[in-house]
J.: 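First the structure, which I've put down as structure tokens, then a few questions once you've had a look.
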Amino acid sequence: MSLKKVEAIVRPGAMKQILLALDAINYAGVTVSEVQGHGKQKGVKEHYRDKTTLSLISKMKVEVVCSGEKEAELAIEAIVNATKTGEFGDGKIFVTDLKEVIRIRTGETGTKAIN
Amino acid sequence: MSLKKVEAIVRPGAMKQILLALDAINYAGVTVSEVQGHGKQKGVKEHYRDKTTLSLISKMKVEVVCSGEKEAELAIEAIVNATKTGEFGDGKIFVTDLKEVIRIRTGETGTKAIN
Amino acid sequence: MSLKKVEAIVRPGAMKQILLALDAINYAGVTVSEVQGHGKQKGVKEHYRDKTTLSLISKMKVEVVCSGEKEAELAIEAIVNATKTGEFGDGKIFVTDLKEVIRIRTGETGTKAIN
Amino acid sequence: MTSTGKIRLGALAASCLLPALAFAEEAAAPAVPKLDTGDTAWILVSCAMVLLMTPGLALFYAGMVRKKNVLSTMMQSMFMMGLISLIWVWYGYSLAFSPGHSMGGFIGNFDFLWLNGVSSSTASPLAPTIPHLVYMAFQMMFAIITVALISGSVADRFKFSAWVAFAILWSTLVYNPVAHWVWSPNGFLLAKGALDFAGGTVVHIISGVSALTACLILGPRKGHGKENMLPHNMTYVLLGTGLLWFGWFGFNAGSALGANGIAAVAFVNTNTAAASAALLWSLIEWVRNGKPSALGFASGAVAGLVVITPAAGFVSVQSAAIMGLLVSLVCYGAIFLKEKLGYDDSLDAFGVHGVGGTLGAILTGVFASSAVNPVVTKTGWALVMVQLEAVGWSWLIAVVGTFVLLKLVDAIFGAKVAPREEELGLDLTQHSENGYEI
Amino acid sequence: MTSTGKIRLGALAASCLLPALAFAEEAAAPAVPKLDTGDTAWILVSCAMVLLMTPGLALFYAGMVRKKNVLSTMMQSMFMMGLISLIWVWYGYSLAFSPGHSMGGFIGNFDFLWLNGVSSSTASPLAPTIPHLVYMAFQMMFAIITVALISGSVADRFKFSAWVAFAILWSTLVYNPVAHWVWSPNGFLLAKGALDFAGGTVVHIISGVSALTACLILGPRKGHGKENMLPHNMTYVLLGTGLLWFGWFGFNAGSALGANGIAAVAFVNTNTAAASAALLWSLIEWVRNGKPSALGFASGAVAGLVVITPAAGFVSVQSAAIMGLLVSLVCYGAIFLKEKLGYDDSLDAFGVHGVGGTLGAILTGVFASSAVNPVVTKTGWALVMVQLEAVGWSWLIAVVGTFVLLKLVDAIFGAKVAPREEELGLDLTQHSENGYEI
Amino acid sequence: MTSTGKIRLGALAASCLLPALAFAEEAAAPAVPKLDTGDTAWILVSCAMVLLMTPGLALFYAGMVRKKNVLSTMMQSMFMMGLISLIWVWYGYSLAFSPGHSMGGFIGNFDFLWLNGVSSSTASPLAPTIPHLVYMAFQMMFAIITVALISGSVADRFKFSAWVAFAILWSTLVYNPVAHWVWSPNGFLLAKGALDFAGGTVVHIISGVSALTACLILGPRKGHGKENMLPHNMTYVLLGTGLLWFGWFGFNAGSALGANGIAAVAFVNTNTAAASAALLWSLIEWVRNGKPSALGFASGAVAGLVVITPAAGFVSVQSAAIMGLLVSLVCYGAIFLKEKLGYDDSLDAFGVHGVGGTLGAILTGVFASSAVNPVVTKTGWALVMVQLEAVGWSWLIAVVGTFVLLKLVDAIFGAKVAPREEELGLDLTQHSENGYEI
Ligand SMILES: Nc1ncnc2c1ncn2[C@@H]1O[C@H](COP(=O)(O)OP(=O)(O)O)[C@@H](O)[C@H]1O
Ligand SMILES: Nc1ncnc2c1ncn2[C@@H]1O[C@H](COP(=O)(O)OP(=O)(O)O)[C@@H](O)[C@H]1O
Ligand SMILES: Nc1ncnc2c1ncn2[C@@H]1O[C@H](COP(=O)(O)OP(=O)(O)O)[C@@H](O)[C@H]1O
């Protein structure tokens with residue numbers, strides 16, 4: 001079994017396109033959360049009274065758990081296509097192995113818990 | 001060493017029962033965050049002016065890091081029992097291997113950092 | 001390739017020092033999110049009308065993806081030094097293996113996607 | 001039965017009959033009081049302030065519910081600014097305040113339909129120094145918020161279509177009749193002599209008791225008792241409290257229907273009762289829980305505002321302070337009992353408005369003083385008995401009316417949303433919206 | 001062309017000439033009306049209430065944008081409380097309301113510079129029972145919010161420096177002239193006989209039409225049509241609606257310039273139109289989408305408040321209700337059309353204020369009644385034609401003025417932020433702040 | 001020393017003595033001014049508006065703190081609506097305003113205990129056209145907010161029990177005496193001739209200076225200088241600013257104690273100073289940081305409102321504009337200096353209210369004009385010296401009083417929470433609640 005978790009950190013504005021793209025490949029589910037961060041951009045200047053700090057930039061984390069390598073690649077492709085602009089801030093995708101998945105409702109595990 | 005991270009995506013309303021159930025098995029700690037997502041339910045219709053979109057559904061992500069397989073299974077069981085209703089939306093549990101855990105306060109690592 | 005994800009759960013107040021410390025080691029990027037949780041502290045009493053519950057404690061999750069073991073160790077050291085007070089609540093660090101990293105902007109993968 | 005209206009009228013009569021209370025000398029000839037710009041200015045502002053109480057209440061309630069129901073909770077209140085406003089100018093004011101009867105005095109008639117005969121240049125006999133239209137507007141704001149108050153007990157589960165239908169029916173067939181009997185010049189309860197300065201009975205008792213009835217009929221929220229259902233945003237609760245406290249000056253001091261000494265008395269009593277109630281509620285929590293909560297402070301303040309409403313222009317400032325103390329004791333106890341009894345008055349609409357309103361009506365009987373306001377003629381046991389009678393009738397009407405109307409609405413629309421809708425939240429399922437987008 | 005000012009004057013004239021409308025007997029000698037404390041109290045309060053509309057609008061708009069633009073949106077409105085306030089006491093009131101002309105009547109002169117001659121102890125001829133200074137303050141609040149309204153169409157992309165420059169120019173060269181022609185005692189449009197009770201033309205048409213012009217010049221938001229741009233906090237939209245509704249009583253009923261019967265009429269009509277518009281908008285959504293949204297309720301309420309603004313003191317309550325219904329139909333349609341036409345009026349400043357204001361001006365012609373307000377002398381087609389002429393002139397001025405001034409500002413400052421700034425959000429890039437910190 | 005009270009009285013005297021300023025002819029016989037419904041209406045509304053400033057301030061402060069302290073910050077302000085209200089009607093008003101002395105003039109006596117003798121049908125000599133009870137209520141709102149203002153400097157670390165104890169003591173033993181010396185008819189400072197229209201000295205200097213003293217005693221927040229402590233919700237700060245600006249019209253224009261020309265002057269000056277201060281603060285930031293922040297705009301607006309408070313009814317509109325400019329310069333500088341000096345005035349209660357209030361008191365001396373208000377008899381250096389003396393006494397009393405009382409409270413309760421409590425946040429540790437639940 002090669003369950004994969006695909007975790008993308010993307011622009012909030014790209015969410016709609018990403019969900020549409022994932023829909024087109026018939027994905028099983030998605031979990032989305034609000035994060036802040038920076039990669040190469042190092043943040044944006046922020047003032048508070050006379051102090052200057054660097055503000056992190058708002059991003060969305062999109063997690064898609066896939067039942068195998070192929071599915072993961074499809075998901076990655078879909079996300080990249082939906083969000084790539086070629087400019088800084090397009091985001092990153094992290095892929096990890098999952099040991100196990102359980103669907104609480106049915107108790108199913110592994111691939112069956114996803115599809 | 002087989003440190004495990006148990007990550008459950010559950011209904012917000014189930015949180016109290018889950019924490020009680022975990023408490024009963026004497027768990028080491030928990031991290032909770034707000035997420036949105038969908039699995040089989042595909043979201044709920046949302047209107048904005050004349051546009052229709054699909055709204056993701058609010059969920060909680062519950063992360064429990066366990067010092068071994070057995071502990072992870074206990075945690076999973078506790079979560080499943082606390083949140084299972086048999087209806088759509090009960091949620092999913094994802095399990096991953098952890099390479100290392102460090103307790104910042106003491107510098108302890110591995111199992112000792114958890115228990 | 002040994003991509004690592006370093007995930008620290010820390011006090012919100014420690015964020016500034018952590019970012020400064022990471023900056024000093026020239027880290028590649030960071031993703032931060034709001035979480036709540038508890039370890040040994042078991043939460044704080046909270047009242048609602050006549051009911052008492054345990055409130056989780058606000059924490060920040062700091063994720064740093066590193067291109068190798070050495071980089072991960074540096075990041076861990078930086079975080080520990082920045083946030084350690086020796087008191088309860090200093091937090092924990094979890095380390096996981098990453099299978100793959102993709103920089104969406106360029107399509108680069110692996111170590112190149114990080115540095 | 002209550003004769004609140006008489007007292008409102010009375011407050012004015014007083015300002016005509018008692019030179020000490022009358023600002024303008026010409027008022028000494030009580031036969032033809034002239035419209036007064038100062039009085040009119042004060043009541044116009046009071047109208048606006050009472051209108052603002054409904055968004056204030058919406059915020060107060062919205063902060064207490066879970067995120068997924070924040071909009072539906074606000075809509076249950078604020079939609080009344082549309083619905084009841086229109087009903088009121090159409091037929092509501094007429095049914096409540098027309099001089100003529102119908103159905104043997106149960107309700108008014110359609111003489112004032114579409115405000116026919118409600119003049120902008122002459123006064124109503126009920127408020128001799130302001131345009132009749134301003135009096136109508138002032139009454140409108142009370143009609144709006146009374147319905148909105150009910151929503152607190154049934155938050156998180158009332159289907160919106162059913163809520164709208166219930167609101168129309170309840171306002172028409174419970175609120176309007178009670179207002180007619182009590183406040184219209186020929187209301188048959190006007191003669192009983194019960195005191196209700198600003199609507200303790202008409203507003204708070206009937207909304208609070210209807211709230212209890214409604215939540216018993218609907219049943220508890222899904223997960224009640226099993227889930228934590230903590231207020232999702234206490235800053236809204238506090239800001240809502242601030243807006244309510246502000247608006248309540250219009251509600252109570254505006255009920256003097258002029259910028260006069262009775263308005264001043266009502267103003268100060270309102271503030272004092274809110275203050276002492278907020279303090280005692282905090283103190284009780286301090287003793288019982290070790291800490292005073294913001295929710296406790298807010299609840300106490302609102303309870304104090306409720307209890308003083310029927311008494312605002314009749315009692316001394318010490319009495320107001322004592323009433324505030326008593327209402328916190330009693331309402332705190334009522335909410336404590338609720339937990340024991342297990343019914344789900346989600347945001348304590350009954351616990352605060354029903355219980356506090358009832359206590360206020362009774363304590364008005366205890367504390368009303370002719371030294372403060374000469375329209376107080378009866379006092380002591382005699383007055384308390386009348387007040388109790390008024391309370392009894394209000395409870396009866398509220399329970400029976402709500403029961404019948406809600407059962408009817410339930411039969412037609414289904415009053416409660418489906419469990420899955422409740423789980424997803426009413427914002428998404430009733431309004432296709434989220435309160436907050438990430 | 002419109003002669004709103006005449007009507008404001010007229011409303012007062014009426015209260016002098018018609019004993020029925022006049023509260024104070026001494027007003028029967030219209031030659032030397034005295035300052036009246038009741039009227040002054042009401043207008044002082046109205047000033048404060050209209051001032052509060054700007055934070056209310058800021059909240060209303062802020063709730064509708066995405067998180068990253070919440071502060072910039074509020075600043076685009078609230079900054080006007082600083083900027084236009086200062087301009088107004090410096091030269092704005094003078095250019096608009098000075099008795100003397102310059103540039104052949106295009107604009108006033110500097111007679112009232114720094115409020116020279118604007119007395120606190122005597123009245124302006126435009127408002128004979130309140131200090132001139134109070135009248136000036138009341139007019140100031142209108143000048144502030146009119147500019148703020150425009151920002152709704154260009155939210156999320158207007159560079160702040162450019163916005164400030166545009167606001168100064170637009171207020172000086174579009175708002176002040178229109179106010180001069182229409183409201184100053186010798187404005188050359190005063191004679192045309194068009195009716196505008198409280199600023200439907202001067203405030204809503206010119207701000208709404210300028211908003212349309214501006215958003216066409218600026219172009220759409222980055223990602224418009226491709227991204228979801230949902231309101232990030234609908235509770236703000238609802239609370240903002242509540243504050244606007246509250247403040248609008250000052251806006252409309254305050255425009256009677258006294259605590260009189262016309263104020264009462266305007267008050268009730270304002271509430272009624274808001275109510276019926278909010279209800280119908282909800283109903284349309286209920287039919288089309290299956291659910292009524294909170295945004296729809298709020299939009300309807302504001303549309304109703306807009307449409308009644310020019311008519312508030314001239315029409316019957318039934319007419320107000322009908323105007324509310326019509327404006328929801330028409331504005332809903334306009335927003336629907338916007339989607340088809342594809343221009344990006346982000347928060348529907350044109351769709352509500354431009355369209356609603358225009359409809360209101362025309363419907364004022366249809367519904368104005370001399371039975372309600374004796375200053376209405378013309379009615380029927382004759383009046384409608386005059387109203388249409390006024391509408392035409394306002395549109396023309398707004399379009400041309402905004403086009404020229406915005407092009408100028410664009411040439412100097414660059415009116416639109418860079419795409420990367422738009423992406424990061426205007427809070428960070430224009431104000432170096434985040435609305436919310438985690 | 002200051003004799004604010006005299007001026008308040010003076011403002012009224014003026015309206016009696018100067019026909020030009022008097023609206024009602026009968027006031028020309030100054031012996032027995034009658035209660036006036038217009039004046040009463042305006043002050044009733046002003047009372048409500050000033051009350052609303054406290055929730056406004058709570059929101060203003062709450063937005064600036066970190067999430068974990070949002071409720072405790074609001075409670076530190078809003079709790080005063082309960083606490084000081086009750087104290088005020090019980091003995092506070094008496095200690096401050098009773099005609100009799102005790103302790104050799106240090107403080108009043110208990111003649112007005114429980115408002116004994118504070119009539120609703122006759123006026124106080126301090127406000128001859130409104131019921132005495134209304135004057136008492138107006139003063140009460142000032143007493144409430146003055147204590148609340150202090151909390152800004154000590155936010156995030158004051159133990160709630162200690163805060164309540166300190167508030168009781170401070171209000172009783174600092175606020176009441178100062179108010180007595182300055183405002184009571186026989187206050188021994190009344191004769192000095194210092195000008196303070198609406199409480200620049202009594203409210204802003206003593207609260208601001210006490211705030212400085214308190215934050216020096218308490219010490220800085222845990223992590224001060226090491227952690228980012230950014231405002232968690234700037235929209236609250238802006239909405240709070242809007243509510244404060246709105247309420248300040250009641251504060252300043254209400255201090256004319258009638259709906260008269262001086263109220264109009266105060267109203268316009270209040271708005272103008274807020275405007276020019278907000279603009280200049282924004283401009284300074286624009287120059288220094290490249291961007292004007294919303295926090296800067298809000299801070300400037302509040303600073304402008306503070307500086308004009310003692311001068312509102314005494315200066316011309318140009319002077320008000322200049323005072324607004326100066327206060328932004330000076331307060332901006334003070335906050336800049338704070339960073340250098342390193343003390344932790346968390347929300348700049350001293351930096352804005354202490355510094356701005358002091359500047360305002362002095363500039364009142366510079367700009368007060370008898371052309372604007374005939375009660376201004378002294379001007380130039382003579383007046384400035386008196387103002388400086390008043391400032392000196394206020395600083396002295398505030399520093400000494402706060403030092404002694406806070407040390408006492410600290411000894412009994414421990415004024416500061418434990419480090420771990422500070423870390424967890426005061427909402428959880430002082431009130432057992434979270435502001436926001438997820
Ligand atoms: N090494 C990293 N570790 C953790 N998160 C990262 C890392 N690099 C990037 N991110 C996350 O991805 C987001 C997008 O990164 P960004 O720098 O915009 O990508 P790009 O490299 O294409 O410019 C960042 O805001 C941050 O949240
Ligand atoms: N394949 C997936 N990848 C990521 N998250 C998922 C996936 N499937 C489900 N989830 C998360 O789990 C939550 C619960 O899923 P749900 O569909 O309710 O479970 P069920 O399959 O029992 O109906 C979703 O809202 C989503 O956040
Ligand atoms: N076993 C665990 N699983 C998941 N999260 C944990 C676990 N232990 C700790 N945490 C997270 O780390 C945070 C800090 O833990 P804490 O108990 O404060 O550390 P310490 O053990 O140093 O006292 C907790 O609030 C929680 O979010």
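A, B, ... follow the sequence lines: proteins, then strands. Residue 1 opens every chain. Here the structure is a predicted model, which is why all the values come from computation and not from measurement.
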J.: Side chain, backbone, both or neither: which part of F:Gln430 has a heavy atom under 4.5 Å from chain D?
T.: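 Only the backbone of F:Gln430 comes within 4.5 Å of chain D.
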J.: Tell me, side chain or backbone of F:Asn434 under 4.5 Å from chain D's heavy atoms, or both, or neither?
T.: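 Contact with chain D is through the backbone of F:Asn434 alone.
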J.: Distance from F:Leu86 atom CG to D:Asn271 atom CG, nearest 0.5 Å?
T.: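 Here the rounded value is 9.5 Å.
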J.: Check whether F:Val89 gets within reach of chain D through its side chain, its backbone, both or neither, counting any heavy atom under 4.5 Å.
T.: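 When you check distances to chain D, only side chain atoms of F:Val89 fall under 4.5 Å.
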J.: Kindly list each side-chain donor-acceptor pair under 3.5 angstrom involving residues 159-166 of chain F, sequence neighbours excluded, with atom names and distances?
T.:
residue	atom	partner	partner atom	Å
F:Lys159	NZ	F:Phe413	O	2.6
F:Lys159	NZ	F:Gly414	O	3.4
F:Trp163	NE1	F:Gln76	O	3.1

J.: Between CE of F:Met140 and OG1 of D:Thr272, what distance do you get to the nearest 0.5 Å?
T.: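 One gets 6.0 Å once the value is rounded to the nearest 0.5 Å.
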J.: Residue by residue, which of residues 278-288 of chain D have a heavy atom closer than 4.5 Å to a heavy atom belonging to chain F?
T.: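 Against chain F, the residues of residues 278-288 of chain D that fall inside the cut-off (heavy atoms, under 4.5 Å) are D:Leu279, D:Ser282, D:Trp286.
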J.: Heavy-atom distances under 4.5 Å only: say whether D:Ala294 touches chain F with side chain, backbone, both or neither.
T.: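 Contact with chain F involves both backbone and side-chain atoms of D:Ala294.
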J.: Does any heavy atom of chain F fall under 4.5 Å from the side chain of D:Ile43, the backbone, both, or neither of them?
T.: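 For D:Ile43, no heavy atom lies under 4.5 Å from chain F.
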J.: Can you see which heavy atom on F:Thr37 is nearest to which on D:Gly38, and at what distance?
T.: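 Heavy atoms of F:Thr37 and D:Gly38 come nearest at OG1-CA, 3.3 Å.
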J.: Taking all non-hydrogen atoms of both residues, which atom of F:Trp114 and which atom of D:Ala321 are closest, and how far apart?
T.: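 Heavy-atom minimum between the residues: CH2-CB, 4.0 Å.
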J.: Would you name the heavy atoms of F:Pro131 and D:Ala264 that are closest together and state the gap between them?
T.: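 Between these two residues, the closest heavy atoms are CB-CB, 4.4 Å.
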J.: Among the options D:Trp245, D:Trp248, D:Tyr236, pick out the one with the most heavy-atom pairs lying under 4.5 Å from chain F.
T.: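 Looking at each option in turn, the highest pair count goes to D:Trp245.
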J.: Side chain from CB out, backbone as N, CA, C, O: work out which of these in D:Val268 comes under 4.5 Å of a heavy atom of chain F, or both, or neither.
T.: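 The answer is the side chain of D:Val268.
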J.: Would you mind telling me which of D:Gly242, D:Gly250, D:Ser293, D:Ala263 has the largest number of heavy-atom pairs within less than 4.5 Å of chain F?
T.: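 Looking at each option in turn, the highest pair count goes to D:Ser293.
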J.: Indicate the atoms forming the closest heavy-atom contact of D:Lys67 with F:Ile438, along with that distance.
T.: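 Heavy atoms of D:Lys67 and F:Ile438 come nearest at NZ-CA, 4.4 Å.
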J.: Is chain D contacted by the side chain of F:Leu59, its backbone, both, or neither, given a heavy-atom distance below 4.5 Å?
T.: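 Looking at F:Leu59, just its side chain touches chain D.
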J.: Is the backbone N or O of D:Pro292 less than 3.5 Å from a side-chain atom of F:His431, with the two atoms forming a donor-acceptor pair by type?
T.: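 Yes, because the side chain of F:His431 sits within donor-acceptor range (under 3.5 Å) of the backbone of D:Pro292.
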J.: Working note: F:Tyr436 + D:Thr235, criterion side chain to side chain contact (heavy atoms under 4.5 Å, CB included); need CA distance, chi angles, decisive distance, verdict.
T.: CA-CA 8 Å; F:Tyr436 313 101; D:Thr235 67; 3.8 Å; yes
J.: Does any heavy atom of chain D fall under 4.5 Å from the side chain of F:Leu51, the backbone, both, or neither of them?
T.: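 The side chain, not the backbone.
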J.: Minimum heavy-atom separation for F:Met75 and D:Phe297, please, with both atom names.
T.: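 The answer is CE-CB, 3.7 Å.
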J.: Shorter than 4.5 Å, heavy atoms on both sides: which option in D:Leu238, D:Thr241, D:Val237 has the most such pairs with chain F?
T.: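 Winner by heavy-atom pair count: D:Leu238.
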